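Right, one structure below, let's go through it.
Everything numeric here is computed off the predicted structure, so don't read it as measured data.
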Amino acid sequence: MRKKVSIEFAHNFFQAYCIQCRSLCRELRMPQTAFDILMFLANNPDYNTAKDIVELRGLKANLVSVNVERLVQEGYLDRREFPGDRRKTVLVCTEKARPAVQKGRELQNGFYEAVFRDVDAASRETFHRVMEIVEHNLNQILKGSE
């Protein structure tokens with residue numbers, strides 16, 4: 001029999017992450033959405049446009065626009081022309097962003113450890129391997145729907 005995962009899992013995961021971020025966001029004087037955008041860009045340098053953030057993070061375009069503008073104004077991000085396409089803008093973390101990103105990565109690592117507390121190394125490895133297979137299968141399904 002297939003074991004059912006709670007429909008609340010993704011919601012609880014996201015809520016727990018936001019709770020873990022609160023104190024750092026307060027310290028940085030940065031809203032959660034701005035922090036999420038900054039960390040997304042820092043952790044995924046190949047996805048560096050507002051469109052990437054909207055599509056891959058599932059944030060509304062107006063929220064991305066407002067928060068990117070804030071991050072640019074506060075000196076955490078620079079806008080650069082996309083090579084070969086002046087209409088596109090690449091978002092790049094600045095030197096000022098480095099300490100915030102470092103603290104963010106420490107927070108994310110701590111969150112990972114808290115989520116996987118009491119899960120042995122072999123089970124973690126199996127989990128990651130299964131997630132890679134599931135991601136591959138999802139990509140195959142998406143390719144077939146084009």
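- Across all their heavy atoms, Leu107 and Gln20 have their closest contact at CD1-O, 3.1 Å.
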* **Residue pair Lys103, Glu106: steps toward the salt bridge (Lys or Arg N to Asp or Glu O under 4.0 Å) verdict** => CA-CA 5 Å; Lys103 287 180 180 183; Glu106 289 168 7; over 6 Å; no
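- Under a 4.0 Å N-O distance rule, the pair Arg29/Glu74 does not qualify as a salt bridge.
- Nearest heavy-atom pair, Cys21 versus Gln32, reported as atom, atom and distance to 0.1 Å: CB-OE1, 3.2 Å.
- Side-chain contact between Asn67 and Leu38: absent, with no pair of heavy atoms (C-beta onward) separated by less than 4.5 Å.
- Under the 4.5 Å side-chain criterion, counting only non-hydrogen atoms from C-beta, Leu56 is not in contact with Asn44.
- Of all non-hydrogen atoms in Leu28 and Ala100, the two that sit nearest each other are CD2-CB, 3.9 Å.
- Both Leu77 and Val54 are members of a single hydrophobic cluster when ILVMFWY side chains are connected at heavy-atom separations under 4.5 Å.
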_Chi angles and distances behind the ring pair (Phe, Tyr, Trp, His ring centres under 6.0 Å) call for Phe13, Phe111_ = CA-CA 10 Å; Phe13 187 92; Phe111 180 70; 5.3 Å; yes
Can you list, pair by pair, the side-chain donor-acceptor contacts under 3.5 Å of residues 129-139, counting residues two or more places apart and other chains?
residue: Asn137; atom: ND2; partner: Ile133; partner atom: O; Å: 3.4
residue: Asn139; atom: ND2; partner: Glu135; partner atom: O; Å: 3.3

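- At least one side-chain heavy atom of Arg79 sits under 4.5 Å from a side-chain heavy atom of Leu91.
- Connection of Val64 to Phe40 is established within a shared hydrophobic cluster, with ILVMFWY side chains joined at heavy-atom distances below 4.5 Å, either directly or through further cluster members.
- For Phe35 against Cys25, the heavy-atom pair with the smallest separation is CB-SG, 3.7 Å.
- The shortest distance between side-chain heavy atoms of Met39 and Arg105 falls below 4.5 Å.
- Summarising the geometry of Phe82 relative to Val90, their closest heavy-atom pair is CD1-CG2, 3.5 Å, with the distance given to 0.1 Å.
- Judged purely by distance below 3.5 Å, without hydrogens or angles, the side chains of Thr33 and Asp36 never pair a donor atom with an acceptor atom.
- Tracing side-chain contacts under 4.5 Å through hydrophobic residues (I, L, V, M, F, W, Y), one never reaches Leu41 starting from Val66; they form parts of separate clusters.
- Inter-residue side-chain proximity for Tyr17 and Gln108 is flagged as met; some heavy-atom pair is nearer than 4.5 Å.
- Arg124 CZ: more than 12 foreign heavy atoms inside a 6.0 Å radius.
- Environment of CZ in Arg80: sparse, with no more than 12 heavy atoms of neighbouring residues, nucleotides or ligands closer than 6.0 Å.
- Side chain of Thr126 to main chain of Ala122: a donor-acceptor pair is present (N/O by atom type, distance under 3.5 Å, no hydrogens or angles).
- Across every non-hydrogen atom of Ala34 and Leu71, the tightest pair is O-CD1, 3.5 Å.
- Put simply, the side chain of Val92 does not reach to within 4.5 Å of the side chain of Asn48, judged on heavy atoms.
- Rounded to the nearest 0.5 angstrom, Ser65 OG and Arg70 CZ are separated by 14.0 Å.
- In the hydrophobic cluster analysis, where Ile, Leu, Val, Met, Phe, Trp and Tyr join through side-chain heavy atoms closer than 4.5 angstrom, Met30 is grouped apart from Leu63.
- Sparse packing is recorded around NZ of Lys51, with 12 or fewer heavy atoms of other residues, nucleotides or ligands lying under 6.0 Å away.
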Test side chain to side chain donor-acceptor pair (under 3.5 Å) on Asp52 and Thr49 and set out the steps. CA-CA 5 Å; Asp52 291 335; Thr49 66; 3.2 Å; yes
